[in-house]
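Chain A is the first sequence line, chain B the second, and so forth, proteins listed ahead of strands; every chain is numbered from 1. Only a predicted model underlies this, so the values are computations on that prediction, with no experimental measurement involved.
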Number of protein chains: 2
Amino acid sequence: MTEIKDIKVAVDAIVFGYQQNTLFVLLVKQKFGPFKGIWVLPGGFVLQQESLIEAVTRELQEEAGIKVNYLEQLYTFGDNINRDPRFRVISVAYFALVNPDNFALAQQNDTDAEEAQWFAISNIPQLGYDHNQIVKMAHQRLKSKLTYQPIGFDLLATEFPFSDLENLYSVILEQEIDRRNFRKKILSLGFVEETNAPSINNGSGRPARLFKFNKDKYYALLSNSFHFEIKFA
Amino acid sequence: MTEIKDIKVAVDAIVFGYQQNTLFVLLVKQKFGPFKGIWVLPGGFVLQQESLIEAVTRELQEEAGIKVNYLEQLYTFGDNINRDPRFRVISVAYFALVNPDNFALAQQNDTDAEEAQWFAISNIPQLGYDHNQIVKMAHQRLKSKLTYQPIGFDLLATEFPFSDLENLYSVILEQEIDRRNFRKKILSLGFVEETNAPSINNGSGRPARLFKFNKDKYYALLSNSFHFEIKFA
DNA sequence: TCAAAAGTGTTCTCTTTACACCCATGG
DNA sequence: CCATGGGTGTAAAGAGAACACTTTTGA
(Lines give C-alpha, C1' and ligand atoms only; values in the text may rest on other atoms or scores of the structure.)
Protein backbone atom coordinates (compact mmCIF):
# COMPACT_ATOMS: atom_id res chain seq x y z
CA MET A 1 0.00 0.00 0.00
CA THR A 2 2.96 2.29 -0.30
CA GLU A 3 1.71 3.69 -3.57
CA ILE A 4 -1.24 5.24 -1.85
CA LYS A 5 0.66 7.46 0.50
CA ASP A 6 2.33 9.57 -2.07
CA ILE A 7 -0.54 11.29 -3.79
CA LYS A 8 -0.74 14.84 -2.54
CA VAL A 9 -3.96 16.79 -2.34
CA ALA A 10 -4.10 20.43 -3.28
CA VAL A 11 -6.86 22.97 -3.69
CA ASP A 12 -6.91 25.80 -6.20
CA ALA A 13 -9.33 28.66 -6.49
CA ILE A 14 -10.59 30.50 -9.52
CA VAL A 15 -11.80 33.78 -8.16
CA PHE A 16 -13.79 36.02 -10.44
CA GLY A 17 -14.28 39.72 -9.92
CA TYR A 18 -16.13 42.23 -12.03
CA GLN A 19 -15.26 45.90 -12.42
CA GLN A 20 -15.86 48.44 -15.14
CA ASN A 21 -17.59 46.04 -17.46
CA THR A 22 -14.71 43.62 -17.30
CA LEU A 23 -14.42 40.16 -15.85
CA PHE A 24 -11.25 39.51 -13.88
CA VAL A 25 -9.52 36.45 -12.49
CA LEU A 26 -7.24 36.49 -9.49
CA LEU A 27 -3.73 35.15 -9.99
CA VAL A 28 -0.68 34.94 -7.80
CA LYS A 29 2.98 34.85 -8.70
CA GLN A 30 4.57 31.62 -7.58
CA LYS A 31 7.34 32.28 -5.06
CA PHE A 32 9.08 28.94 -5.24
CA GLY A 33 8.75 25.53 -6.76
CA PRO A 34 8.93 24.50 -10.37
CA PHE A 35 6.97 27.50 -11.58
CA LYS A 36 8.77 30.14 -9.55
CA GLY A 37 8.02 33.58 -10.98
CA ILE A 38 5.13 32.28 -13.04
CA TRP A 39 1.50 33.24 -12.50
CA VAL A 40 -0.76 30.53 -11.14
CA LEU A 41 -4.10 30.22 -9.43
CA PRO A 42 -4.10 30.80 -5.70
CA GLY A 43 -4.05 27.49 -3.88
CA GLY A 44 -1.88 24.99 -2.10
CA PHE A 45 -1.75 21.73 -0.27
CA VAL A 46 -4.49 20.60 2.04
CA LEU A 47 -3.44 20.05 5.60
CA GLN A 48 -4.21 16.87 7.45
CA GLN A 49 -6.60 18.48 9.88
CA GLU A 50 -8.56 20.81 7.67
CA SER A 51 -11.48 20.31 5.34
CA LEU A 52 -11.16 21.12 1.67
CA ILE A 53 -13.22 24.26 2.08
CA GLU A 54 -11.08 25.38 4.96
CA ALA A 55 -8.00 24.83 2.85
CA VAL A 56 -9.23 27.05 0.03
CA THR A 57 -10.38 29.74 2.39
CA ARG A 58 -7.07 29.70 4.17
CA GLU A 59 -5.05 29.85 0.98
CA LEU A 60 -7.08 32.75 -0.34
CA GLN A 61 -6.50 34.58 2.88
CA GLU A 62 -2.78 33.83 2.96
CA GLU A 63 -1.99 34.43 -0.66
CA ALA A 64 -4.23 37.31 -1.51
CA GLY A 65 -5.82 38.48 1.72
CA ILE A 66 -9.17 38.07 0.06
CA LYS A 67 -12.57 36.93 1.28
CA VAL A 68 -14.94 35.61 -1.31
CA ASN A 69 -18.68 35.73 -1.12
CA TYR A 70 -19.50 32.73 -3.27
CA LEU A 71 -17.58 29.48 -3.28
CA GLU A 72 -18.36 26.11 -4.78
CA GLN A 73 -16.43 23.09 -5.86
CA LEU A 74 -15.64 23.07 -9.56
CA TYR A 75 -13.80 19.91 -10.51
CA THR A 76 -10.99 17.66 -9.35
CA PHE A 77 -8.02 17.49 -11.64
CA GLY A 78 -6.17 14.25 -11.36
CA ASP A 79 -6.12 12.52 -14.69
CA ASN A 80 -2.83 13.92 -15.88
CA ILE A 81 -0.49 12.26 -13.44
CA ASN A 82 2.29 14.65 -14.35
CA ARG A 83 0.40 17.86 -13.91
CA ASP A 84 2.88 18.75 -11.20
CA PRO A 85 6.41 17.93 -12.38
CA ARG A 86 7.63 17.21 -8.87
CA PHE A 87 5.23 14.57 -7.67
CA ARG A 88 1.74 13.24 -8.05
CA VAL A 89 -0.75 15.90 -7.06
CA ILE A 90 -4.46 16.00 -7.51
CA SER A 91 -6.12 19.35 -7.20
CA VAL A 92 -9.64 20.09 -6.14
CA ALA A 93 -10.52 23.30 -7.91
CA TYR A 94 -12.98 25.79 -6.46
CA PHE A 95 -14.99 28.42 -8.20
CA ALA A 96 -15.40 31.72 -6.36
CA LEU A 97 -16.89 35.15 -6.80
CA VAL A 98 -16.13 38.41 -5.04
CA ASN A 99 -18.18 41.53 -5.04
CA PRO A 100 -16.75 45.04 -5.28
CA ASP A 101 -16.44 45.36 -1.51
CA ASN A 102 -13.93 42.57 -1.47
CA PHE A 103 -12.30 43.31 -4.77
CA ALA A 104 -9.37 45.25 -3.38
CA LEU A 105 -6.34 43.09 -2.66
CA ALA A 106 -4.72 43.47 0.71
CA GLN A 107 -1.21 44.79 0.62
CA GLN A 108 0.50 42.27 2.79
CA ASN A 109 4.22 42.30 3.14
CA ASP A 110 3.67 40.33 6.30
CA THR A 111 2.54 36.77 5.75
CA ASP A 112 3.09 34.78 2.63
CA ALA A 113 3.37 38.01 0.71
CA GLU A 114 3.12 36.58 -2.72
CA GLU A 115 2.13 38.98 -5.38
CA ALA A 116 -1.54 38.75 -6.17
CA GLN A 117 -3.13 40.50 -9.08
CA TRP A 118 -6.34 40.69 -11.08
CA PHE A 119 -6.15 39.81 -14.76
CA ALA A 120 -8.85 40.52 -17.28
CA ILE A 121 -10.23 37.21 -18.51
CA SER A 122 -9.34 38.22 -22.04
CA ASN A 123 -5.76 38.73 -20.99
CA ILE A 124 -4.72 35.73 -18.93
CA PRO A 125 -1.03 34.93 -19.33
CA GLN A 126 0.48 31.50 -19.68
CA LEU A 127 -0.02 29.91 -16.28
CA GLY A 128 1.85 27.21 -14.41
CA TYR A 129 0.65 23.61 -14.17
CA ASP A 130 -2.66 22.98 -15.98
CA HIS A 131 -4.12 26.20 -14.66
CA ASN A 132 -5.06 27.69 -18.00
CA GLN A 133 -7.31 24.70 -18.51
CA ILE A 134 -8.83 25.16 -15.06
CA VAL A 135 -9.55 28.81 -15.74
CA LYS A 136 -11.24 27.86 -18.97
CA MET A 137 -13.50 25.39 -17.24
CA ALA A 138 -14.37 27.88 -14.53
CA HIS A 139 -15.20 30.50 -17.11
CA GLN A 140 -17.50 28.05 -18.78
CA ARG A 141 -19.14 27.25 -15.47
CA LEU A 142 -19.66 30.92 -14.75
CA LYS A 143 -21.32 31.43 -18.11
CA SER A 144 -23.70 28.58 -17.73
CA LYS A 145 -24.55 29.15 -14.08
CA LEU A 146 -25.36 32.74 -14.83
CA THR A 147 -28.31 31.56 -16.90
CA TYR A 148 -29.99 29.45 -14.23
CA GLN A 149 -28.72 30.61 -10.86
CA PRO A 150 -28.64 34.10 -9.40
CA ILE A 151 -24.88 34.22 -9.00
CA GLY A 152 -24.42 37.45 -10.93
CA PHE A 153 -25.40 39.35 -7.82
CA ASP A 154 -22.32 38.08 -6.04
CA LEU A 155 -20.23 40.06 -8.49
CA LEU A 156 -22.14 43.29 -7.94
CA ALA A 157 -22.52 45.68 -5.04
CA THR A 158 -25.44 44.99 -2.72
CA GLU A 159 -27.41 47.77 -4.36
CA PHE A 160 -26.90 48.30 -8.03
CA PRO A 161 -28.47 50.13 -10.93
CA PHE A 162 -30.24 47.84 -13.34
CA SER A 163 -27.83 48.66 -16.10
CA ASP A 164 -25.02 47.10 -14.09
CA LEU A 165 -26.84 43.80 -14.14
CA GLU A 166 -27.55 44.13 -17.85
CA ASN A 167 -23.93 44.87 -18.59
CA LEU A 168 -22.69 42.04 -16.43
CA TYR A 169 -24.80 39.56 -18.36
CA SER A 170 -23.87 40.88 -21.74
CA VAL A 171 -20.17 41.08 -20.90
CA ILE A 172 -19.92 37.63 -19.38
CA LEU A 173 -22.16 35.87 -21.84
CA GLU A 174 -20.70 37.84 -24.72
CA GLN A 175 -24.12 38.55 -26.14
CA GLU A 176 -26.18 41.59 -26.89
CA ILE A 177 -29.19 41.97 -24.66
CA ASP A 178 -32.49 43.62 -25.33
CA ARG A 179 -32.76 45.95 -22.35
CA ARG A 180 -36.52 45.95 -22.22
CA ASN A 181 -36.94 42.21 -22.38
CA PHE A 182 -34.13 41.61 -19.92
CA ARG A 183 -35.61 43.94 -17.37
CA LYS A 184 -39.06 42.47 -17.76
CA LYS A 185 -37.76 38.96 -17.33
CA ILE A 186 -35.60 39.64 -14.31
CA LEU A 187 -38.30 41.60 -12.54
CA SER A 188 -40.87 38.93 -13.33
CA LEU A 189 -38.77 36.43 -11.39
CA GLY A 190 -39.72 38.29 -8.26
CA PHE A 191 -36.47 38.32 -6.31
CA VAL A 192 -34.93 41.52 -7.61
CA GLU A 193 -36.43 44.54 -5.93
CA GLU A 194 -36.20 48.24 -6.21
CA THR A 195 -34.80 49.86 -3.08
CA ASN A 196 -35.84 53.11 -1.50
CA ALA A 197 -32.33 54.38 -1.85
CA PRO A 198 -32.07 57.64 -3.69
CA SER A 199 -31.14 57.41 -7.32
CA ILE A 200 -27.53 57.79 -8.15
CA ASN A 201 -26.10 59.84 -10.88
CA ASN A 202 -22.86 58.90 -12.50
CA GLY A 203 -21.78 61.93 -14.41
CA SER A 204 -24.30 62.24 -17.14
CA GLY A 205 -27.66 60.97 -18.09
CA ARG A 206 -30.72 60.30 -16.04
CA PRO A 207 -30.03 58.98 -12.54
CA ALA A 208 -30.64 55.29 -12.05
CA ARG A 209 -32.75 53.73 -9.35
CA LEU A 210 -31.09 51.09 -7.24
CA PHE A 211 -32.08 47.45 -7.01
CA LYS A 212 -31.14 44.62 -4.79
CA PHE A 213 -31.28 40.83 -4.82
CA ASN A 214 -33.67 39.46 -2.22
CA LYS A 215 -32.06 36.22 -1.13
CA ASP A 216 -34.89 35.18 1.16
CA LYS A 217 -37.44 35.55 -1.57
CA TYR A 218 -35.23 33.55 -3.90
CA TYR A 219 -34.90 30.66 -1.48
CA ALA A 220 -38.60 30.75 -0.76
CA LEU A 221 -39.29 30.37 -4.44
CA LEU A 222 -36.69 27.63 -4.79
CA SER A 223 -38.37 25.46 -2.22
CA ASN A 224 -41.54 25.64 -4.31
CA SER A 225 -39.66 23.89 -7.09
CA PHE A 226 -39.20 27.10 -8.95
CA HIS A 227 -36.80 27.20 -11.85
CA PHE A 228 -35.53 29.98 -14.05
CA GLU A 229 -33.52 30.24 -17.18
CA ILE A 230 -32.28 33.41 -18.75
CA LYS A 231 -31.76 33.28 -22.46
CA PHE A 232 -31.51 35.94 -25.10
CA ALA A 233 -32.42 36.21 -28.71
CA MET B 1 5.29 19.14 5.16
CA THR B 2 4.57 15.93 6.91
CA GLU B 3 0.89 16.75 7.22
CA ILE B 4 0.50 16.65 3.49
CA LYS B 5 1.62 13.10 2.97
CA ASP B 6 -1.07 11.45 4.93
CA ILE B 7 -4.18 12.35 3.02
CA LYS B 8 -5.26 9.36 1.00
CA VAL B 9 -7.11 9.63 -2.26
CA ALA B 10 -9.94 7.27 -3.11
CA VAL B 11 -12.47 7.04 -5.89
CA ASP B 12 -16.02 5.78 -5.57
CA ALA B 13 -18.55 5.07 -8.26
CA ILE B 14 -22.30 5.42 -8.25
CA VAL B 15 -23.43 3.16 -11.04
CA PHE B 16 -27.03 3.34 -12.13
CA GLY B 17 -28.84 0.65 -14.04
CA TYR B 18 -32.41 0.49 -15.21
CA GLN B 19 -34.52 -2.63 -15.59
CA GLN B 20 -38.25 -3.29 -15.47
CA ASN B 21 -39.20 0.29 -14.76
CA THR B 22 -36.89 0.44 -11.79
CA LEU B 23 -33.73 2.39 -11.15
CA PHE B 24 -30.93 0.44 -9.52
CA VAL B 25 -27.65 1.31 -7.86
CA LEU B 26 -24.69 -1.01 -7.71
CA LEU B 27 -23.31 -1.79 -4.25
CA VAL B 28 -20.61 -4.10 -2.97
CA LYS B 29 -20.22 -5.75 0.37
CA GLN B 30 -17.10 -4.60 2.13
CA LYS B 31 -14.71 -7.52 2.73
CA PHE B 32 -12.47 -5.90 5.30
CA GLY B 33 -11.84 -2.62 7.01
CA PRO B 34 -14.01 -0.73 9.41
CA PHE B 35 -17.20 -1.49 7.51
CA LYS B 36 -16.60 -5.18 6.93
CA GLY B 37 -19.83 -6.86 5.95
CA ILE B 38 -21.55 -3.56 5.24
CA TRP B 39 -22.70 -2.42 1.81
CA VAL B 40 -20.77 0.44 0.23
CA LEU B 41 -20.22 1.96 -3.17
CA PRO B 42 -17.64 0.26 -5.35
CA GLY B 43 -14.34 2.10 -5.15
CA GLY B 44 -10.94 2.17 -3.55
CA PHE B 45 -7.65 3.95 -3.32
CA VAL B 46 -6.01 5.56 -6.30
CA LEU B 47 -2.62 4.17 -7.19
CA GLN B 48 0.38 6.38 -7.67
CA GLN B 49 0.68 5.69 -11.37
CA GLU B 50 -2.91 5.78 -12.52
CA SER B 51 -5.27 8.59 -13.36
CA LEU B 52 -8.50 9.03 -11.46
CA ILE B 53 -10.52 7.69 -14.34
CA GLU B 54 -8.31 4.64 -14.58
CA ALA B 55 -8.76 4.05 -10.89
CA VAL B 56 -12.55 4.02 -11.10
CA THR B 57 -12.56 1.84 -14.16
CA ARG B 58 -10.21 -0.60 -12.52
CA GLU B 59 -12.19 -0.76 -9.30
CA LEU B 60 -15.42 -1.37 -11.16
CA GLN B 61 -13.78 -4.17 -13.03
CA GLU B 62 -12.21 -5.70 -9.94
CA GLU B 63 -15.14 -5.39 -7.59
CA ALA B 64 -18.06 -6.00 -9.89
CA GLY B 65 -16.68 -7.11 -13.23
CA ILE B 66 -18.69 -4.35 -14.80
CA LYS B 67 -18.07 -1.99 -17.70
CA VAL B 68 -20.04 1.22 -17.74
CA ASN B 69 -21.02 3.16 -20.77
CA TYR B 70 -21.23 6.60 -19.25
CA LEU B 71 -18.88 8.00 -16.66
CA GLU B 72 -18.38 11.49 -15.32
CA GLN B 73 -16.97 13.05 -12.22
CA LEU B 74 -19.61 13.86 -9.63
CA TYR B 75 -18.05 15.55 -6.63
CA THR B 76 -15.10 15.28 -4.31
CA PHE B 77 -15.93 14.52 -0.71
CA GLY B 78 -13.34 15.84 1.68
CA ASP B 79 -14.95 18.24 4.06
CA ASN B 80 -15.73 15.75 6.75
CA ILE B 81 -12.23 14.86 7.85
CA ASN B 82 -13.47 11.79 9.70
CA ARG B 83 -15.46 10.28 6.90
CA ASP B 84 -13.15 7.31 7.10
CA PRO B 85 -12.61 6.35 10.73
CA ARG B 86 -9.12 5.01 10.08
CA PHE B 87 -7.38 7.97 8.47
CA ARG B 88 -7.96 11.06 6.41
CA VAL B 89 -9.37 10.10 3.03
CA ILE B 90 -10.85 12.25 0.35
CA SER B 91 -12.96 10.54 -2.23
CA VAL B 92 -13.54 11.60 -5.78
CA ALA B 93 -16.98 10.27 -6.61
CA TYR B 94 -17.96 9.27 -10.14
CA PHE B 95 -21.36 9.00 -11.67
CA ALA B 96 -21.90 6.12 -14.08
CA LEU B 97 -24.60 4.52 -16.17
CA VAL B 98 -24.84 1.02 -17.61
CA ASN B 99 -27.17 -0.18 -20.28
CA PRO B 100 -28.92 -3.54 -20.20
CA ASP B 101 -26.08 -5.26 -22.09
CA ASN B 102 -23.77 -4.56 -19.20
CA PHE B 103 -26.27 -4.92 -16.45
CA ALA B 104 -25.46 -8.49 -15.56
CA LEU B 105 -22.82 -8.80 -12.87
CA ALA B 106 -19.95 -11.14 -13.54
CA GLN B 107 -19.76 -14.11 -11.23
CA GLN B 108 -16.19 -13.89 -10.19
CA ASN B 109 -14.87 -16.14 -7.52
CA ASP B 110 -11.47 -15.44 -8.97
CA THR B 111 -10.25 -11.88 -8.43
CA ASP B 112 -11.35 -9.64 -5.62
CA ALA B 113 -14.57 -11.62 -5.37
CA GLU B 114 -16.48 -9.16 -3.28
CA GLU B 115 -20.17 -9.53 -3.43
CA ALA B 116 -21.71 -7.04 -5.79
CA GLN B 117 -25.42 -6.48 -6.09
CA TRP B 118 -28.01 -4.16 -7.58
CA PHE B 119 -30.33 -2.34 -5.19
CA ALA B 120 -33.45 -0.51 -6.19
CA ILE B 121 -32.95 3.18 -5.48
CA SER B 122 -36.00 3.09 -3.25
CA ASN B 123 -34.44 0.35 -1.23
CA ILE B 124 -30.87 1.35 -0.47
CA PRO B 125 -29.68 0.00 2.88
CA GLN B 126 -27.60 1.87 5.40
CA LEU B 127 -24.20 2.21 3.75
CA GLY B 128 -20.71 2.57 5.13
CA TYR B 129 -18.83 5.89 5.28
CA ASP B 130 -20.83 8.83 3.89
CA HIS B 131 -22.04 6.77 0.96
CA ASN B 132 -25.75 7.31 1.49
CA GLN B 133 -25.11 11.00 1.03
CA ILE B 134 -23.12 10.33 -2.12
CA VAL B 135 -25.91 8.22 -3.57
CA LYS B 136 -28.37 10.97 -2.84
CA MET B 137 -26.27 13.53 -4.67
CA ALA B 138 -25.82 11.20 -7.63
CA HIS B 139 -29.54 10.56 -7.80
CA GLN B 140 -30.13 14.29 -7.86
CA ARG B 141 -27.56 14.68 -10.63
CA LEU B 142 -29.21 11.96 -12.67
CA LYS B 143 -32.57 13.64 -12.35
CA SER B 144 -31.37 17.01 -13.44
CA LYS B 145 -29.11 15.81 -16.22
CA LEU B 146 -31.92 13.82 -17.67
CA THR B 147 -33.70 17.05 -18.47
CA TYR B 148 -30.95 18.68 -20.49
CA GLN B 149 -28.60 15.95 -21.68
CA PRO B 150 -29.40 12.77 -23.57
CA ILE B 151 -28.08 10.44 -20.90
CA GLY B 152 -31.23 8.39 -20.60
CA PHE B 153 -30.18 6.45 -23.66
CA ASP B 154 -27.20 5.08 -21.77
CA LEU B 155 -29.63 3.25 -19.52
CA LEU B 156 -31.56 1.68 -22.41
CA ALA B 157 -30.75 -0.88 -25.04
CA THR B 158 -29.40 0.49 -28.31
CA GLU B 159 -32.79 0.03 -29.89
CA PHE B 160 -35.80 0.59 -27.75
CA PRO B 161 -39.53 1.07 -28.04
CA PHE B 162 -40.63 4.60 -27.39
CA SER B 163 -42.54 3.60 -24.32
CA ASP B 164 -39.29 2.52 -22.66
CA LEU B 165 -38.01 6.04 -22.94
CA GLU B 166 -41.27 7.44 -21.63
CA ASN B 167 -41.23 5.10 -18.68
CA LEU B 168 -37.62 5.82 -17.90
CA TYR B 169 -38.34 9.53 -17.69
CA SER B 170 -41.44 9.15 -15.62
CA VAL B 171 -39.84 6.66 -13.24
CA ILE B 172 -36.65 8.61 -12.69
CA LEU B 173 -38.23 12.03 -12.53
CA GLU B 174 -41.15 10.68 -10.53
CA GLN B 175 -43.63 12.54 -12.68
CA GLU B 176 -46.50 11.65 -14.91
CA ILE B 177 -45.83 12.30 -18.57
CA ASP B 178 -48.23 13.17 -21.34
CA ARG B 179 -47.28 10.56 -23.91
CA ARG B 180 -48.26 12.63 -26.93
CA ASN B 181 -46.41 15.73 -25.89
CA PHE B 182 -43.37 13.77 -24.82
CA ARG B 183 -43.12 11.96 -28.10
CA LYS B 184 -43.57 15.15 -30.09
CA LYS B 185 -40.89 16.91 -28.11
CA ILE B 186 -38.32 14.14 -28.26
CA LEU B 187 -38.82 13.56 -31.96
CA SER B 188 -38.68 17.29 -32.64
CA LEU B 189 -35.16 17.35 -31.20
CA GLY B 190 -34.05 15.41 -34.22
CA PHE B 191 -31.62 12.92 -32.74
CA VAL B 192 -33.98 10.07 -31.92
CA GLU B 193 -34.77 8.05 -34.99
CA GLU B 194 -37.02 5.22 -35.92
CA THR B 195 -35.10 2.15 -37.03
CA ASN B 196 -36.00 -0.27 -39.76
CA ALA B 197 -35.98 -3.06 -37.28
CA PRO B 198 -39.17 -5.05 -37.17
CA SER B 199 -41.56 -4.16 -34.42
CA ILE B 200 -41.36 -6.16 -31.30
CA ASN B 201 -44.21 -7.58 -29.41
CA ASN B 202 -44.03 -8.11 -25.73
CA GLY B 203 -46.90 -10.37 -24.91
CA SER B 204 -49.90 -8.25 -25.42
CA GLY B 205 -50.88 -5.08 -27.10
CA ARG B 206 -49.84 -3.59 -30.38
CA PRO B 207 -46.19 -4.19 -31.29
CA ALA B 208 -43.92 -1.20 -30.85
CA ARG B 209 -41.55 0.19 -33.42
CA LEU B 210 -37.96 0.56 -32.34
CA PHE B 211 -36.02 3.78 -32.02
CA LYS B 212 -32.43 4.65 -31.50
CA PHE B 213 -30.37 7.59 -30.32
CA ASN B 214 -28.26 9.09 -33.10
CA LYS B 215 -25.14 10.27 -31.33
CA ASP B 216 -23.59 11.86 -34.39
CA LYS B 217 -26.65 13.94 -35.04
CA TYR B 218 -26.71 15.01 -31.43
CA TYR B 219 -23.10 16.18 -31.49
CA ALA B 220 -23.64 17.94 -34.77
CA LEU B 221 -26.50 19.87 -33.21
CA LEU B 222 -24.50 20.59 -30.09
CA SER B 223 -21.76 22.30 -32.03
CA ASN B 224 -24.38 24.64 -33.44
CA SER B 225 -25.03 25.86 -29.92
CA PHE B 226 -28.15 23.80 -29.65
CA HIS B 227 -29.78 23.37 -26.29
CA PHE B 228 -32.67 21.32 -25.07
CA GLU B 229 -34.67 21.06 -21.93
CA ILE B 230 -37.32 18.47 -21.21
CA LYS B 231 -39.98 19.55 -18.80
CA PHE B 232 -43.46 18.31 -18.12
CA ALA B 233 -46.68 19.82 -17.00
C1' DT C 1 -64.39 -9.97 -29.22
C1' DC C 2 -61.74 -8.43 -25.55
C1' DA C 3 -57.71 -6.68 -23.23
C1' DA C 4 -53.54 -4.35 -23.65
C1' DA C 5 -50.28 -1.25 -25.25
C1' DA C 6 -49.06 1.80 -29.49
C1' DG C 7 -49.89 5.56 -32.25
C1' DT C 8 -51.66 10.08 -33.48
C1' DG C 9 -53.67 16.23 -33.99
C1' DT C 10 -55.74 20.26 -32.58
C1' DT C 11 -56.77 24.08 -29.68
C1' DC C 12 -55.58 27.19 -26.16
C1' DT C 13 -52.43 29.56 -23.31
C1' DC C 14 -48.25 31.42 -22.11
C1' DT C 15 -43.67 32.78 -23.11
C1' DT C 16 -40.45 34.86 -25.98
C1' DT C 17 -39.12 37.98 -29.32
C1' DA C 18 -38.82 42.23 -31.94
C1' DC C 19 -38.89 46.86 -31.86
C1' DA C 20 -38.56 52.94 -30.78
C1' DC C 21 -39.64 56.75 -28.21
C1' DC C 22 -39.80 59.78 -24.03
C1' DC C 23 -37.58 61.10 -19.44
C1' DA C 24 -34.40 63.13 -16.09
C1' DT C 25 -30.29 64.99 -15.23
C1' DG C 26 -25.56 67.67 -15.91
C1' DG C 27 -22.96 70.54 -18.58
C1' DC D 1 -30.68 73.07 -25.41
C1' DC D 2 -27.85 69.24 -26.03
C1' DA D 3 -25.74 64.92 -24.79
C1' DT D 4 -26.10 60.92 -22.08
C1' DG D 5 -27.88 57.09 -20.10
C1' DG D 6 -32.59 55.50 -17.77
C1' DG D 7 -37.11 53.94 -18.25
C1' DT D 8 -41.13 51.94 -20.58
C1' DG D 9 -45.45 48.89 -23.88
C1' DT D 10 -47.40 46.28 -27.55
C1' DA D 11 -48.00 43.05 -31.20
C1' DA D 12 -46.59 38.83 -33.53
C1' DA D 13 -44.61 34.31 -33.37
C1' DG D 14 -43.38 30.23 -31.15
C1' DA D 15 -43.42 26.81 -27.46
C1' DG D 16 -45.82 24.27 -24.00
C1' DA D 17 -50.02 22.26 -22.02
C1' DA D 18 -54.36 19.99 -22.20
C1' DC D 19 -56.94 16.53 -23.97
C1' DA D 20 -59.37 11.15 -26.25
C1' DC D 21 -59.95 8.14 -29.76
C1' DT D 22 -58.25 4.64 -33.18
C1' DT D 23 -54.97 0.79 -34.34
C1' DT D 24 -52.71 -3.56 -33.92
C1' DT D 25 -51.74 -7.54 -31.89
C1' DG D 26 -52.38 -12.06 -28.70
C1' DA D 27 -55.34 -14.65 -26.10
Side-chain angles (χ1 to χ4, degrees), chain A residues 20-21 146-148 156-157 159-171 173 175-212 221 224-233, chain B residues 20-21 146-148 156-157 159-171 173 175-212 221 224-233:
Chain A
Q20 299 154 206
N21 293 348
L146 209 53
T147 70
Y148 64 90
L156 294 178
E159 305 204 335
F160 52 86
F162 218 93
S163 58
D164 275 14
L165 192 63
E166 276 167 36
N167 289 328
L168 183 142
Y169 270 83
S170 72
V171 164
L173 299 180
Q175 287 185 46
E176 298 253 315
I177 292 180
D178 180 296
R179 290 166 54 230
R180 280 178 287 192
N181 291 341
F182 180 77
R183 194 175 177 121
K184 248 182 301 179
K185 178 116 166 208
I186 296 286
L187 291 177
S188 79
L189 298 173
F191 52 71
V192 176
E193 300 171 339
E194 194 171 336
T195 67
N196 303 322
S199 307
I200 55 160
N201 185 328
N202 28 331
S204 76
R206 177 173 173 173
R209 304 199 211 129
L210 295 178
F211 291 79
K212 68 172 204 284
L221 288 166
N224 293 338
S225 74
F226 153 91
H227 171 82
F228 75 90
E229 187 108 20
I230 296 172
K231 285 288 166 52
F232 310 103
Chain B
Q20 297 154 205
N21 292 348
L146 209 53
T147 68
Y148 65 89
L156 294 178
E159 305 204 334
F160 52 87
F162 217 93
S163 57
D164 275 14
L165 192 62
E166 276 167 37
N167 290 329
L168 183 143
Y169 271 84
S170 72
V171 165
L173 299 180
Q175 289 184 44
E176 299 254 314
I177 292 180
D178 180 295
R179 289 166 54 232
R180 282 179 285 192
N181 291 340
F182 180 77
R183 195 176 177 120
K184 248 181 299 178
K185 177 116 169 210
I186 296 286
L187 291 177
S188 77
L189 298 174
F191 51 71
V192 176
E193 299 171 339
E194 196 171 335
T195 67
N196 303 322
S199 306
I200 55 160
N201 185 326
N202 27 331
S204 77
R206 177 173 172 172
R209 303 199 213 128
L210 295 178
F211 291 79
K212 69 170 202 284
L221 288 166
N224 292 338
S225 75
F226 153 91
H227 172 83
F228 75 90
E229 187 107 21
I230 296 170
K231 286 287 166 54
F232 310 103

Under 3.5 Å: donor-acceptor pair, side chain of A/Y169, backbone of A/Q175: no
side-chain hydrogen bond (donor to acceptor under 3.5 Å, both in side chains) involving A/N21 - partner list, sequence neighbours excluded: A/Y18
Which pairs would a plain distance check flag for residues 182-193 of chain A, meaning a side-chain donor or acceptor within less than 3.5 Å of a matching protein atom at least two apart in sequence or in another chain?
residue	atom	partner	partner atom	Å
A/K184	NZ	A/N181	OD1	3.2
A/K185	NZ	A/E229	O	3.0
A/S188	OG	A/K185	O	2.7
A/E193	OE1	A/N214	ND2	3.2
A/E193	OE2	A/N214	ND2	3.1
A/E193	OE2	A/K217	NZ	2.8

Sugar-phosphate only, base, or nothing, as touched by A/S163 at under 4.0 Å among non-hydrogen atoms: sugar-phosphate
Whole-Å gap separating P (C/dA5) and CG (B/N167): 10 Å
Close residues, residues 181-190 of chain A, relative to DNA chain C [heavy-atom separation under 4.0 Å]: A/N181, A/K184, A/K185
B/I200 CD1 - C/dA6 P separation (whole Å): 9 Å
Listed partners of B/S199 passing side chain to side chain contact (heavy atoms under 4.5 Å, CB included), at least two apart: B/P207, B/R209
Touch class at under 4.0 angstrom, heavy-atom based, for B/R179 against every strand present: base
Reported CG-to-CG distance for the pair A/L168 and A/L156, which is rounded to 0.5 angstrom: 5.0 Å
Separation of C/dT16 C1' from A/I230 CD1 (nearest whole Å): 14 Å
Rounded distance (Å) that lies between atom P of C/dT15 and atom CZ of A/F228: 16 Å
Distance (rounded to the nearest 0.5 Å) between A/E176 CD and A/E166 CD: 11.5 Å
Separation of C/dG7 C1' from B/L210 CG (nearest whole Å): 14 Å
Interatomic distance where CD belongs to B/E166 and C1' belongs to C/dA5 [whole Å]: 10 Å
Distance, rounded to the nearest Å, where A/I177 contributes CD1 and C/dA18 contributes P: 13 Å
Length of the line joining B/R180:CZ and C/dT11:C1', which is rounded to integer Å: 12 Å
Separation of B/L210 CG from B/F160 CZ (nearest 0.5 Å): 9.0 Å
Contact interval (first through last nucleotide) of DNA chain D with protein chain B, 4.0 Å heavy-atom: D/dG16 to D/dG26
For nucleotides 1-4 of chain C, tabulate all protein N/O to nucleotide N/O atom pairs closer than 3.5 Å, reporting atom names and distance.
residue	atom	partner	partner atom	Å
C/dA4	O3'	B/S204	OG	3.4

Spatial distance of atom CG (A/D164) from atom CD (A/E159) [nearest 0.5 Å]: 12.0 Å
